[in-house]
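When reading the values below, keep in mind they use all heavy atoms of this one structure, side chains included, and skip hydrogens, waters and symmetry mates.
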Amino acid sequence: VYADQVTVSTEEFTPGETFSVTVSLENTTTVAAYQMVLYLPEGFSINRYYDEDEEEYVNDCTLSSRHKTGHGLGITTQADGGFLFLVYANPTKTLKSTPSELFTLKLKAASTVVVSKKASFKNIKITDADGNDTSLDDVTFDLTYDSSINISQDENGYTMTMDEENGGS
């Protein structure tokens, strides 16, 4: 039986760098709005950048072409440390049926994170044009460390090199 579900794909991360996470939705239900809460392990954060038009720092998240003009994205920090993602339009508009991608989020790994970790989206709800909510299964996904990178530490700090077969020296 086919069910509505969220999937996540990620790039491998390099310590101290940003990387992309793409969130998609396969759905049979018509969707007008959705929400989900992102939980990140220690050492990871949502990348932020200065938006010249807004004249403030904003979360580095881009809605896909599946959204229509008028859909807005809000990301707020919850008391438990999760990040609530809320997407809706007022007046109500439904999402396009394709592509399956919802948004791409840029995360940043701290320079001290040198092992793979797990993150999750929980409390996922989609809402149809009539305001009916459907809860979807939580999604846990891997934040995979780029294993071609070697980290060593000496009295001067950390040194990062790549394996020769992966383009390093």
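Note that CG of N27 is 10.5 Å distant from CD of Q5, once rounded to the nearest 0.5 Å. Put simply, OG on S24 and CD on E101 are 4.5 Å apart, with the number rounded to the nearest 0.5 Å. Here L102 contributes atom CG and L95 contributes atom CG; the two are 7.0 Å apart, rounded to the nearest 0.5 Å.
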Checking side chain to side chain contact (heavy atoms under 4.5 Å, CB included) for the pair T127/V31: CA distance, chi angles, key distance, verdict? CA-CA 6 Å; T127 305; V31 178; over 6 Å; no

Using side chain to side chain contact (heavy atoms under 4.5 Å, CB included), reason through D138 and F121 one step at a time and then give a plain yes or no. CA-CA 6 Å; D138 293 347; F121 280 103; over 6 Å; no

Please report the C-alpha distance between Y49 and V58 in whole Å, then the side-chain angles of each, then the deciding distance to 0.1 Å, and finally whether the side chain to side chain contact (heavy atoms under 4.5 Å, CB included) criterion is met. CA-CA 6 Å; Y49 68 93; V58 296; 3.4 Å; yes

Please test V139 against T7 for side chain to side chain contact (heavy atoms under 4.5 Å, CB included), starting from the C-alpha separation and ending with a verdict. CA-CA 7 Å; V139 178; T7 58; over 6 Å; no

Donor-acceptor contacts under 3.5 Å from residues 73-93 side chains, at least two apart:
unit_1: T76; atom_1: OG1; unit_2: Q78; atom_2: NE2; d: 3.4
unit_1: D80; atom_1: OD1; unit_2: G82; atom_2: N; d: 3.0
unit_1: D80; atom_1: OD2; unit_2: Y39; atom_2: OH; d: 2.6
unit_1: K93; atom_1: NZ; unit_2: T69; atom_2: O; d: 2.5

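Side-chain contact between T94 and D128 is absent, with no heavy atoms from C-beta onward closer than 4.5 Å. Side-chain contact between L107 and L40 is present, with at least one heavy-atom pair separated by less than 4.5 Å. The shortest side-chain heavy-atom distance between S20 and K106 falls under the 4.5 Å cut-off. Using a 4.5 Å heavy-atom threshold, the side chains of K118 and D142 count as touching. Under the 4.5 Å side-chain criterion, counting only non-hydrogen atoms from C-beta, K68 is in contact with K96. Side-chain contact between V113 and Y145: absent, with no pair of heavy atoms (C-beta onward) separated by less than 4.5 Å. By the 4.5 Å heavy-atom criterion applied to side chains, R66 and L25 are counted as neighbours. Residues M36 and V23 are in side-chain contact: their nearest non-hydrogen atoms beyond the backbone lie under 4.5 Å apart.
Using a distance-only test at 3.5 Å, with no hydrogens or angles considered, no donor-acceptor pair links the side chain of D130 to the main chain of N132.
No more than 12 heavy-atom neighbours from other residues, nucleotides or ligands sit within 6.0 angstrom of NZ on K125. Annotation: Y50, atom OH; neighbour count of heavy atoms from other residues, nucleotides and ligands within 6.0 Å is above 12. A 6.0 Å sphere centred on CD of E42 holds no more than 12 heavy atoms belonging to other residues, nucleotides or ligands.
For K122, there are no salt bridge (Lys or Arg N to Asp or Glu O under 4.0 Å) partners, not counting sequence neighbours. In terms of the salt bridge (Lys or Arg N to Asp or Glu O under 4.0 Å) criterion, D137 has no residue partners (sequence neighbours excluded).
For D60 and N47, the side-chain atoms include at least one donor-acceptor pair closer than 3.5 Å. Donor-acceptor pairing under 3.5 Å is recorded for the side chains of T28 and D4.
The nearest pair of heavy atoms linking A119 to P41 is CB-CD, 4.0 Å. Heavy-atom minimum distance, F13 versus A109: CD1-CB, 3.5 Å. Heavy-atom minimum distance, F44 versus K117: CE1-CG, 3.6 Å.
Under the 4.5 Å side-chain heavy-atom criterion for Ile, Leu, Val, Met, Phe, Trp and Tyr, L105 and V37 are members of distinct hydrophobic clusters. Following chains of ILVMFWY side-chain contacts shorter than 4.5 Å, one can reach I46 starting from L143, so the two form part of one hydrophobic cluster. Transitive grouping of hydrophobic side chains (ILVMFWY, heavy atoms separated by less than 4.5 Å) brings I124 and V8 into a common cluster.
The aromatic rings of Y34 and F103 sit parallel to each other, their planes meeting at less than 30°, with 60° as the upper class boundary.
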